[in-house]
Number of protein chains: 4
Amino acid sequence: MQKVVGKTTTKVHSRGRGRPRSDEAHQSILHAAYELLMEVGYTQLTIEGVAARALVGKPTIYRRWSSKARLVMDAFLAATNSELSFPDTGSVKEDILQQMHKLVKILNTPRGQVIATLIGGGQTDPEIISAFQANWLSPRRFDCSQVIKKGIERGELRSDIDIEAVIDALYSPLFYRLLLKHAPLTEDFVDELIDIVMPGLNGYPKV
Amino acid sequence: MQKVVGKTTTKVHSRGRGRPRSDEAHQSILHAAYELLMEVGYTQLTIEGVAARALVGKPTIYRRWSSKARLVMDAFLAATNSELSFPDTGSVKEDILQQMHKLVKILNTPRGQVIATLIGGGQTDPEIISAFQANWLSPRRFDCSQVIKKGIERGELRSDIDIEAVIDALYSPLFYRLLLKHAPLTEDFVDELIDIVMPGLNGYPKV
Amino acid sequence: MQKVVGKTTTKVHSRGRGRPRSDEAHQSILHAAYELLMEVGYTQLTIEGVAARALVGKPTIYRRWSSKARLVMDAFLAATNSELSFPDTGSVKEDILQQMHKLVKILNTPRGQVIATLIGGGQTDPEIISAFQANWLSPRRFDCSQVIKKGIERGELRSDIDIEAVIDALYSPLFYRLLLKHAPLTEDFVDELIDIVMPGLNGYPKV
Amino acid sequence: MQKVVGKTTTKVHSRGRGRPRSDEAHQSILHAAYELLMEVGYTQLTIEGVAARALVGKPTIYRRWSSKARLVMDAFLAATNSELSFPDTGSVKEDILQQMHKLVKILNTPRGQVIATLIGGGQTDPEIISAFQANWLSPRRFDCSQVIKKGIERGELRSDIDIEAVIDALYSPLFYRLLLKHAPLTEDFVDELIDIVMPGLNGYPKV
DNA sequence: ACCTAAGCGAGACGGTACGTCAGGTCTTTCG
DNA sequence: CGAAAGACCTGACGTACCGTCTCGCTTAGGT
């Protein structure tokens, strides 16, 4: 578990004078926040509740995070692990297929709900969206773009595709179902999607 | 503008005795709610704020809508017009392309932000999501599925596709960019998506 | 126990619509406040504490009293009874002597401490002083001035005295000892004071 | 301006090892405290405010004064000058009259307000009252009692009076008006008081 | 000339209470 | 007799200070 200090935390202290901030309190707050996030969700989570569970005063939280959104974002990121790496099977289609299956599994856990509430909360707090995008989404999109570029080099994929659009086409339906809940987010759905999208990327294009 | 009595409103009144409900108050509430929705989004919208702007008491709102979610959905739907119909050009690809362009235009207006905050707020309020899905999303997905079915009958599209998955593949990237804001939601993006997804649906499939 | 609506309460409501303010809550708050005033004094008394003891929400208190000072003032005045009336013995000296004895007895009870903390708190809140002066002090000073005037008419007292100054000369030492605590506030002290001050008021003045 | 080490300061340091306490900080704190005392009064004065104005850390204050009361008393006393001495005109009445005029002048300055808030704050902080009484009131009462004793020896005053009661009778009205503000504290009022009280003390008493 | 104890300003700590806002309910009066 | 208005209680908000506790740094005696 890696401490992530992204856009959401206030500036790291320039080794100024005064008592340094307690790392113990910091961790305790993030941990309490993440627990509550999974137990009651974003909306029901209160700063007072976090303070009480972390055995910390409210001002100690407000001193570090200026809003619930930012605290929750950091708590989420601090609990991130690298479970979403891409395999290297030699086939772009297979690499992406396997990683999307992993992603679907995660989105179907409570962690998936946390992601959903974060994106939801982000609709009224731009900072949370940009932090989520920068610290969670971007790294995974970057990995995916590397896989796609490798596929282009190999001639497995067309060279004139817009990589960002491809990634959107592949992954957005997963988030769409996560958020809209109009249909279940199954692994079969992933297979369907791959079958729909990959042909349009073929190195030997449309007849 | 038509009063929508869908899943979200409480039962219509049985013309009982006593003072009738003021239609003026009703419209005034919906109007105030929609305005606030555009100004501050779903989460920041408060029943008190709506009551104040509509010059109405809180119970007058609660008497008609049992929750913020239902009020907001009605306000949103009351402002709906049917600008998202599909053309009939004879080509599935063209029909969908044109309708998606219309959708993108709308998503880039304040109304797009309202949709975003509704989906966002829905992450912690299941009722919002299901009402949005039932009253706004479903009709458009139905229209789209009719277009697709017509394409299958014509032989323009493969007959073994999962129509729900196809609709997701086509439309979810638009909502994805609406919500995540990692890239602009342009009309060129629509063209790219169509180029990526449609080949996988061809009546005369992959080589 | 008489409900006093003095300078300290906000205007009485013009019998408008809506739920009327609960008199039960009102009395309960005043009672709790007075109890706490006697138990812990003005400074240690908190609005939260009053709310908790009165089984009432904080906003219910703030809706009626804009500050701790005004609440406390009203609580004090609501607990006022008319125990400080002047007798009519036919002798000014005797009338005042007896009433001052009564006052000393009261000032030596917890109620005396409440008065002390009110005057104390009033040093940083002008409103509390003026409310105390208007609702508690003034009536008693008026009674006393009537007694003095009667004495002047009778020829028992000089006619050229400044009545306000006389009242100050008589009563201020009691408050002085109440507040400064440099010496006990005994009934003998009252007798001493009368012996010192009354000769200066004699109808047949200084030789 | 003399550093006062009365009941209020903690023990003087035994000149141990280590860095000696900064006298500059000491003076700066007292000065800041007195300024704030005049600006906002005892109750509104905060240790944080003093520390900020004195450009000093909070612990530097707490190391020297264990409570707000003690700090404030020292700040008040450090700003004392001996402007309230008694003249020696040969007449008790004149001596006291002149000194009371001086006192009234002072009580009508901001310093008078400081005294008022000190007495006020003392109603919920016994330490303030006893320190004020010991370090400010007592010396002046002692001086006054000397004047009175001299008057008794001279035969100008009765020998059977209670000196403490006399001092109270003379001075308490001034503090009474300072604190209750029901009437202005003028020099004419002093003259009135003298006329009322002095006859009761005459060496050749009531007719 | 070093050591070391105690001071320094700064500022974070766990707390308590503040005064406010909005939630959803209840109780009046008015139409 | 039900709609409208507004007070009700509740709970959380974000802030201000409390008095204490580190920090990294002087500052001077003591060895």
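Since this is a predicted model, take the numbers as computed values, not measurements. Order of the sequence lines sets the chain letters (A, B, ...), proteins ahead of strands, with each chain counted from 1.
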Trainee: At their closest point, which heavy atom of D:Gly41 faces which heavy atom of C:Thr124, and how far apart are they?
Mentor: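 Residues D:Gly41 and C:Thr124, closest heavy atoms: CA-CG2, 4.4 Å.
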
Trainee: Among residues at least two apart in sequence or on other chains, which ones pass side chain to side chain contact (heavy atoms under 4.5 Å, CB included) with D:Glu48?
Mentor: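 Side chain to side chain contact (heavy atoms under 4.5 Å, CB included) list for D:Glu48, sorted by chain: D:Thr46, D:Lys58.
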
Trainee: Nearest-Å distance, CD1 (D:Ile29) to P (E:dA10)?
Mentor: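 So the two atoms are 12 Å apart, to the nearest Å.
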
Trainee: Select base, sugar-phosphate, or nothing to describe what B:Lys58 touches, counting heavy atoms under 4.0 Å on all strands.
Mentor: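 Base: the residue B:Lys58, judged by heavy atoms under 4.0 Å, touches a nucleobase.
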
Trainee: Atom CH2 of A:Trp65 to atom P of F:dC13: distance rounded to whole Å?
Mentor: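 The distance from CH2 of A:Trp65 to P of F:dC13 comes to 15 Å, rounded to the nearest Å.
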
Trainee: Where is the tightest heavy-atom contact between B:Ile128 and B:Met73, given as atom of each residue plus distance?
Mentor: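 Minimum heavy-atom contact is CD1-CG, 3.9 Å.
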
Trainee: Do C:Arg70 and C:Glu127 come within less than 4.5 Å of each other through their side chains, counting heavy atoms only?
Mentor: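 In contact.
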
Trainee: Where the side chain of A:Val56 is concerned, which of E:dG7, E:dG11, E:dG14 is the nearest nucleotide?
Mentor: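 Nearest listed nucleotide: E:dG14.
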
Trainee: Round to the nearest Å and state the distance from A:Glu24 atom CD to F:dC23 atom C1'.
Mentor: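 Distance, rounded to whole Å: 17 Å.
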
Trainee: On DNA chain F, compare the nucleotides closest to C:Ser22 and A:Ser67; which residue's is nearer the 5' end?
Mentor: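 Nearest-nucleotide comparison on DNA chain F picks C:Ser22.
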
Trainee: Find the distance A:Ile61:CD1 to F:dG14:P and express it as a whole number of Å.
Mentor: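 These atoms are roughly 11 Å apart.
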
Trainee: From C-beta outward on C:Tyr62, which listed nucleotide comes closest to its side chain: E:dC21, F:dA28, E:dC18?
Mentor: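 From the listed options, E:dC18 comes nearest.
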
Trainee: Counting N and O atoms only, with roles assigned by atom type, does the side chain of B:Thr117 sit under 3.5 Å from a partner on the main chain of A:Gln123, one being a donor and the other an acceptor?
Mentor: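 No, B:Thr117 side chain to A:Gln123 backbone: no donor-acceptor pair under 3.5 Å.
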
Trainee: Give a yes/no on whether any side-chain N or O of D:Thr60 is located under 4.0 angstrom from OP1 or OP2 of E:dG9.
Mentor: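 Answer yes for this pair, as a side-chain N or O of D:Thr60 is under 4.0 Å from OP1 or OP2.
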
Trainee: Would you kindly give the CZ-to-C1' distance between C:Arg63 and E:dG19, to the nearest whole Å?
Mentor: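 Those two atoms, CZ and C1', are 13 Å apart.
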
Trainee: Let me see the working for D:Trp65 and D:Ile47 under side-chain contact (heavy atoms from CB on, under 4.5 Å), right down to the final yes or no.
Mentor: CA-CA 10 Å; D:Trp65 295 276; D:Ile47 299 282; over 6 Å; no

Trainee: Of the nucleotides E:dT20, E:dG14, F:dT27, which one has an atom closest to the side chain of D:Arg19?
Mentor: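 Output: F:dT27.
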
Trainee: Tell me, please, which residues at least two apart from A:Asp125 pass side-chain hydrogen bond (donor to acceptor under 3.5 Å, both in side chains).
Mentor: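 Listed in chain order: nothing, the list is empty.
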
Trainee: F:dA3 C1' sits how many Å from B:His26 NE2, rounded?
Mentor: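 These atoms are roughly 14 Å apart.
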
Trainee: Heavy atom of residues 36-54 of chain B under 4.0 Å from DNA chain E: which residues?
Mentor: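 Output list: B:Thr46, B:Ile47, B:Glu48.
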
